[in-house]
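Step one of this worksheet: look at the structure below.
Just so you know, residue 1 is the first one in the sequence shown, and it goes up from there. In what follows, every heavy atom counts, from backbone to side chain, and hydrogens, waters and symmetry copies are set aside.
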Amino acid sequence: MLVLTLCIMVVAALGLIHVLYAVFEMLRTATLSPTNPVVLQSLFGLFFTVLIALEFKHSILVSPDTPSHSMVRMRSVLLIG
């Protein structure tokens, strides 16, 4: 579980670096246009990929107090995946 959590943290950190780099490049080249749907879709896709990785990490780290929560936790991990 610890190795999986560390791997997800690395992926989320690399994704965040990629998002920051993409936004910086769009600002530098003046291609960040809020009215262009293609640009907005690509940016939101990058942001949501990082958010999904963080949510996946959070779902794995939540330790259930009772056995009845294990099914809910497994379902949430599967739905996020």
Side-chain angles (χ1 to χ4, degrees):
M1 180 94 82
L2 182 62
V3 172
L4 182 62
T5 302
L6 290 174
C7 289
I8 293 173
M9 286 174 50
V10 168
V11 168
L14 290 175
L16 182 61
I17 291 169
H18 181 71
V19 168
L20 293 175
Y21 178 75
V23 170
F24 175 74
E25 281 298 312
M26 286 182 181
L27 287 173
R28 188 177 66 82
T29 60
T31 57
L32 185 62
S33 172
T35 58
N36 188 351
V38 174
V39 172
L40 288 179
Q41 283 179 339
S42 66
L43 271 179
F44 280 114
L46 292 172
F47 282 120
F48 281 119
T49 301
V50 174
L51 287 176
I52 288 170
L54 292 173
E55 183 62 34
F56 187 63
K57 182 183 79 64
H58 175 73
S59 295
I60 289 173
L61 287 178
V62 173
S63 61
D65 295 333
T66 61
S68 65
H69 287 65
S70 63
M71 184 60 77
V72 173
R73 184 173 119 184
M74 185 176 77
R75 282 185 182 173
S76 70
V77 169
L78 289 174
L79 285 173
I80 291 169

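Hydrophobic clustering (ILVMFWY, side-chain heavy atoms < 4.5 Å, transitive): M26 and V23 are in one cluster.
The CG atom of L51 sits 11.0 Å away from the CG atom of L46 when rounded to the nearest 0.5 Å. In this structure, CZ in F47 is found 6.0 Å from CG in L43, a value given to the nearest 0.5 Å.
Between T49 and H18, the closest side-chain pair of non-hydrogen atoms is not below 4.5 Å.
Nearest heavy atom pair, residue L16 against residue V50, reads N-CG2, 3.6 Å.
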